[in-house]
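Heads up: the structure comes next, in structure tokens.
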Amino acid sequence: MEKGLTGKQVVICGSRKIEEISTLIEKQGGVPLVRPLQGTVFLAEKEVEPNVREFVENGADWVIFTTGIGFETLVDLAAKLGLSDLFLKNIREAKIASRGYKTLSALKKYDLKPHVVDVDGTTKGLALALENVDFSGTRVMVQLHGETAPALTTFLEDRGATVKKILPYQHIAPDNEVVDRLIHELQFDKCDAVCFTTATQVHSLFEYAREHNINADIVAAFNNNVVAGAVGKVTEAALKDEGIERIVVPEKERMGAMVVELAKYFLI
């Protein structure tokens with residue numbers, strides 16, 4: 001029986017469970033190429049402490065939480081500073097928006113009920129849910145994870161908000177040599193598919209491509225020759241935002257399911 005990835009060079013952009021996903025690709029007949037684009041996300045307590053103190057002192061009209069771990073990290077940091085009661089009080093007095101089911105679960109632990117939740121687990125879905133909100137003259141605190149989410153910031157500022165971003169976890173970009181190697185493979189048809197497991201990996205690739213004025217080439221490579229695999233909706237949305245039209249996404253948001261879907265795609 002023919003295997004869907006026979007002879008296919010399949011890039012893995014993640015940095016976790018590399019052996020497992022490589023084995024799955026090999027079982028489908030493919031050749032795994034490990035090109036980690038995740039970079040490093042680190043806990044930035046010292047950098048964020050002034051933001052926490054400022055929020056405790058001044059509050060906000062809206063608070064937007066985009067990850068459960070980010071919200072809980074901020075609560076823990078406020079507790080270390082002896083400010084958790086005031087921190088949570090200011091959240092309760094603000095209107096809350098939440099992205100993703102993990103964030104919703106984290107908020108529920110503190111009996112915090114969002115006024116607005118995303119429509120599909122993505123930042124774009126959250127912006128869609130906030131479309132009819134009048135942000136004129138409001139102060140909005142946005143918790144982010146690793147990246148600055150310029151599209152969400154622009155969306156809020158265009159509607160009159162003053163945005164304060166707070167990033168308990170911050171991001172260090174991946175090794176340039178790794179990104180450069182993948183860029184070369186995409187430009188010269190040295191790979192057949194690229195598996196993205198987070199939106200961060202997508203951003204890392206395309207930010208590098210834009211810096212080197214080859215963004216259009218990389219988009220064309222995906223739309224003409226290379227298949228993009230996305231582990232779930234958030235990663236898929238990041239690819240679509242870059243202009244990628246052909247994306248394989250599994251129903252079940254798991255790396256193994258993504259490899260199986262890619263194999264099915266190549267059998268068609």
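Keep in mind that what you see is a predicted model, and the values were worked out from it rather than measured. FYI, side chains are in, hydrogens and waters are out, and symmetry mates aren't considered; it's all heavy atoms of this structure.
Closest approach of Asp192 to Lys8, counting heavy atoms only: OD2-CA, 3.3 Å. Listed here is the closest heavy atom pair of Val231 and Met255: CG2-N, 3.7 Å. The two residues Val34 and Ser22 make their nearest non-hydrogen contact at CG2-OG, 4.3 Å. Of all heavy-atom pairs spanning Phe71 and Ala106, the tightest one is CE2-O, 3.5 Å. In terms of heavy-atom proximity, Ile218 sits nearest to Ala209 at CG1-CB, 4.0 Å. In terms of heavy atoms, Pro174 sits closest to Val179 at CG-CG2, 3.9 Å.
Using a 4.5 Å heavy-atom cutoff, the side chains of Lys113 and Leu107 are not in contact. The shortest distance between side-chain heavy atoms of Glu185 and Arg35 falls below 4.5 Å. With contacts defined as side-chain heavy-atom distances shorter than 4.5 Å, the pair Leu74/Gln143 qualifies. At least one side-chain heavy atom of Leu205 sits under 4.5 Å from a side-chain heavy atom of Ile183. Looking at heavy atoms from C-beta onward, Ile247 lies in side-chain contact with Ile244 at the 4.5 angstrom threshold. Taking 4.5 Å as the limit, every side-chain heavy atom of Phe135 sits out of range of all side-chain heavy atoms of Asp158. Using a 4.5 Å heavy-atom cutoff, the side chains of Ile166 and Met141 are in contact. Side-chain contact between Ile64 and Leu126: present, with at least one pair of heavy atoms (C-beta onward) separated by less than 4.5 Å.
Listed for the Gln9 side chain is no donor-acceptor partner under 3.5 Å among the backbone atoms of Gly30. Side-chain atoms of Thr103 come within 3.5 Å of backbone N or O of Gly68 as a donor-acceptor pair. Between the side chain of Asp61 and the backbone N or O of Arg139 there is at least one donor-acceptor pair closer than 3.5 Å.
Using the six-membered ring where Trp is involved, His145 and Tyr169 have ring planes that are tilted, between 30° and 60° apart.
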Derivation and outcome, side-chain contact (heavy atoms from CB on, under 4.5 Å), residues Val234 and Thr198: CA-CA 7 Å; Val234 174; Thr198 68; over 6 Å; no

Test log, rule side-chain contact (heavy atoms from CB on, under 4.5 Å), inputs Val10 and Leu5: CA-CA 8 Å; Val10 182; Leu5 297 179; 4.2 Å; yes

Verdict with supporting geometry, Leu81 and Arg53, side-chain contact (heavy atoms from CB on, under 4.5 Å): CA-CA 9 Å; Leu81 299 172; Arg53 291 187 183 278; 3.5 Å; yes

Worked verdict on Asp241 versus Phe206 for side-chain contact (heavy atoms from CB on, under 4.5 Å): CA-CA 11 Å; Asp241 285 346; Phe206 283 94; over 6 Å; no

Working for side chain to side chain donor-acceptor pair (under 3.5 Å), residues Gln201 and Thr197: CA-CA 7 Å; Gln201 296 157 21; Thr197 57; 2.8 Å; yes

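We find the CG-CD distance between Leu239 and Glu245 to be 12.0 Å, quoted to the nearest 0.5 Å. From Gln28, atom CD reaches atom OG1 of Thr6 across 8.5 Å, with rounding to the nearest 0.5 Å. Note that CG of Leu182 is 6.0 Å distant from SG of Cys191, once rounded to the nearest 0.5 Å. To the nearest 0.5 Å, atoms CG (Leu37) and OG1 (Thr200) are separated by 10.5 Å. Expressed to the nearest 0.5 Å, how far CZ of Arg210 lies from NE2 of His203 amounts to 8.5 Å.
Looking only at atom types and distance, the side chain of Gln38 has no donor-acceptor partner in the side chain of Ser204 under 3.5 Å away.
Within 6.0 Å of atom CZ in Arg16, 12 or fewer heavy atoms from other residues, nucleotides or ligands are found, so the atom counts as exposed in its surroundings. Other residues, nucleotides and ligands place no more than 12 heavy atoms under 6.0 Å from the CG atom of Asp85. Within a 6.0 Å radius of CZ in Arg181, other residues, nucleotides and ligands contribute 12 heavy atoms or fewer. More than 12 heavy atoms of other residues, nucleotides or ligands sit less than 6.0 Å from atom CG of Asn224. Counting non-hydrogen atoms of other residues, nucleotides and ligands closer than 6.0 Å to CD of Glu131 gives a total above 12.
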Identify all side-chain donor-acceptor contacts of residues 88-99 below 3.5 Å with residues at least two apart in sequence or on another chain.
| unit_1 | atom_1 | unit_2 | atom_2 | d |
| --- | --- | --- | --- | --- |
| Lys89 | NZ | Glu93 | OE2 | 3.0 |
| Asn90 | ND2 | Phe55 | O | 2.9 |
| Asn90 | ND2 | Val56 | O | 3.0 |
| Arg92 | NH2 | Tyr110 | O | 2.8 |
| Arg99 | NE | Thr66 | O | 3.0 |
| Arg99 | NH1 | Gly121 | O | 2.6 |
| Arg99 | NH2 | Thr66 | O | 2.6 |

